[in-house]
Amino acid sequence: METKKLIEQIRSKKSFLCIGLDVDINKIPNHLLHETDPIFEFNKAIIDATHHLAVAYKPNIAFYEAFGIKGWEALKKTIDYINENYPELFTIADAKRGDIGNTSTMYAKAFFEDMEFDSVTIAPYMGKDSVEPFLAFKDKHTILLALTSNEGAFDFQTLQVDEKPLYQRVLETSKTYNNSENLMYVVGATKAEYLKEIRAIVPESFLLVPGVGAQGGSLEDVCKYGMTSNIGLLINSSRGIIYASNDEDFAEVAAKKAQEMQQQMAAFL
Ligand SMILES: O=C(O)c1cc(=O)[nH]c(=O)n1[C@@H]1O[C@H](COP(=O)(O)O)[C@@H](O)[C@H]1O
């Protein structure tokens with residue numbers, strides 16, 4: 001999907017909400033466990049109830065891989081369902097991949113060609129030749145981990161490298177990669193105080209911001225320091241929306257939670 005289309009969708013829905021489909025079979029409502037594919041049925045109900053409030057969906061691949069072939073099938077059915085029924089939605093494979101060049105090309109084919117996701121999350125650690133194979137795909141986006149939401153982010157990402165924190169080096173260096181216009185970056189909502197410095201390096205790029213809700217990040221701070229004239233933000237919430245209820249009304253309650261976030265977002269647009 002072209003970035004222009006994503007921006008149009010954000011403006012028309014007055015939302016930059018990304019819903020994380022981190023589906024844990026132990027947390028989904030009991031009545032769905034009788035279905036042939038409970039994970040897909042759960043996702044379908046959540047997507048149908050929330051698609052008008054969100055602009056993006058982000059299945060975290062780990063939650064599907066953990067169920068082997070059945071999990072992978074549920075993931076494929078979910079992405080096909082979105083692409084067939086709501087093609088305007090931006091889709092993110094949260095896979096955090098990256099490897100030597102020819103292997104990265106295979107990862108890119110898996111998520112962009114076979115699965116037909118619009119974007120994939122990538123770890124920058126292996127550098128240029130591990131990221132560029134993803135960037136080579138036209139109208140697909142590579143979402144590079146810059147400054148993550150977790151405590152372990154301070155282990156490496158904030159270490160000084162040639163007098164600058166490593167995450168700033170990642171941002172600067174990635175801008176020199178071929179097709180760098182296809183880059184977006186992950187910045188955790190729990191790190192909102194770093195957004196000013198991040199925007200000084202990547203003033204226009206879209207940022208995927210997880211960590212509001214369950215992890216404690218503030219939507220207000222992220223908007224204050226991270227928003228651009230083209231919005232430039234996709235704010236993810238997973239558990240806070242999809243597990244708001246684990247009763248028969250789960251999709252309805254998820255929609256209420258999504259609507260609360262959408263209304264808060266609309267106030268910043
Ligand atoms: O790449 C991500 O999406 C990601 C990066 C990061 O720094 N922190 C982070 O929480 N995530 C993902 O974002 C989601 C957050 O889920 P909730 O905390 O339940 O909203 C999970 O799928 C995480 O794997």
Side-chain angles (χ1 to χ4, degrees), residues 16-28 39 42-43 46 50 53-67 71 74-75 78-79 90-98 107 111 117-125 131 134 141-158 165-167 170-171 174 183-195 198 205-219 221-222 226 233-246 250 253-254 257-258 260-262 264-265:
F16 39 99
L17 176 63
C18 171
I19 297 184
L21 298 172
D22 299 358
V23 185
D24 179 345
I25 197 114
N26 299 311
K27 288 192 185 163
I28 72 177
I39 295 178
F42 179 84
N43 283 346
I46 295 277
T50 58
L53 301 164
V55 294
Y57 285 82
K58 179 176 79 68
N60 185 310
I61 307 309
F63 287 79
Y64 300 84
E65 285 176 331
F67 289 100
L75 177 65
T78 301
I79 184 69
F90 185 74
T91 54
I92 304 169
D94 186 4
K96 299 187 177 71
R97 296 299 205 265
Y107 278 138
F111 292 109
F117 276 95
D118 293 312
S119 65
V120 62
T121 56
I122 301 298
Y125 197 66
V131 179
F134 295 94
H141 302 266
T142 299
I143 312 182
L144 208 59
L145 300 181
L147 188 57
T148 57
S149 65
N150 59 326
E151 196 51 34
F154 298 112
D155 285 358
F156 304 118
Q157 296 164 24
T158 51
L166 180 59
Y167 75 88
V170 167
L171 294 169
S174 67
L183 279 169
M184 297 182 176
Y185 299 93
V186 172
V187 177
T190 54
K191 306 286 193 305
E193 69 271 29
Y194 295 81
L195 277 167
I198 289 169
S205 306
F206 258 84
L207 305 180
L208 169 64
V209 185
V212 293
Q215 297 181 52
S218 146
L219 176 69
D221 286 351
V222 171
L233 296 172
L234 287 173
I235 297 200
N236 181 81
S237 175
S238 307
R239 288 166 292 180
I241 291 180
I242 67 172
Y243 301 131
S245 158
N246 77 343
F250 72 99
V253 180
K257 287 281 168 198
E260 279 170 27
M261 286 194 74
Q262 182 273 323
Q264 288 169 33
M265 289 176 177

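One-based numbering, in listed order, for ligands and for the atoms of each. In what follows, residues are counted from 1 in the order of the sequence shown.
Contacts between S149 and ligand 1, counted as non-hydrogen atom pairs separated by less than 4.0 Å, involve both the backbone and the side chain.
For CZ of F154, the number of neighbouring non-hydrogen atoms (other residues, nucleotides, ligands) closer than 6.0 Å is greater than 12.
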Trace of the side chain to side chain contact (heavy atoms under 4.5 Å, CB included) decision for T121 with R97: CA-CA 7 Å; T121 56; R97 296 299 205 265; over 6 Å; no

Could you go through L234 and L207, starting from their C-alpha distance and side-chain angles, then the distance that decides it, and tell me whether this counts as side chain to side chain contact (heavy atoms under 4.5 Å, CB included)? CA-CA 6 Å; L234 287 173; L207 305 180; over 6 Å; no

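For atom 1 (O) of ligand 1, the closest non-hydrogen atom of the protein is K96 NZ, 3.0 Å. The closest protein non-hydrogen atom to atom 18 (O) of ligand 1 is R239 NH2, 2.8 Å. For atom 12 (C) of ligand 1, the closest heavy atom belonging to the protein is K58 NZ, 3.5 Å. The protein non-hydrogen atom at the shortest distance from atom 23 (C) of ligand 1 is N60 ND2, 4.0 Å.
Side-chain contact between S119 and F90 is present, with heavy atoms from C-beta onward closer than 4.5 Å.
Residue T148 has no N or O atom closer than 3.5 Å to an N or O atom of ligand 1. Ligand 1 has a nitrogen or oxygen under 3.5 angstrom from a nitrogen or oxygen of S238.
Side-chain contact, Y57 with T78: no donor N or O sits under 3.5 Å from an acceptor N or O. For S149 and Q215, the side-chain atoms include at least one donor-acceptor pair closer than 3.5 Å.
Atoms of ligand 1 found under 4.0 Å from any heavy atom of N236 (numbered from 1 in listed order, with element): 13 (O), 14 (C), 15 (C). Under a 4.0 Å criterion applied to the non-hydrogen atoms of Q215, ligand 1 contributes the atoms 9 (C), 10 (O), 15 (C), 18 (O). Interface atoms of ligand 1 facing V186, defined by a heavy-atom separation under 4.0 Å, are 1 (O), 5 (C), 7 (O).
The option with the heavy atom closest to atom 22 (O) of ligand 1, from among I92, V209, L21, D22, is D22.
Salt bridge absent: E151 and K191 never bring a charged side-chain N and a carboxylate O closer than 4.0 Å.
Evaluation of the ring pair (Phe, Tyr, Trp, His ring centres under 6.0 Å) rule for Y194 yields Y167 as partners, not counting sequence neighbours.
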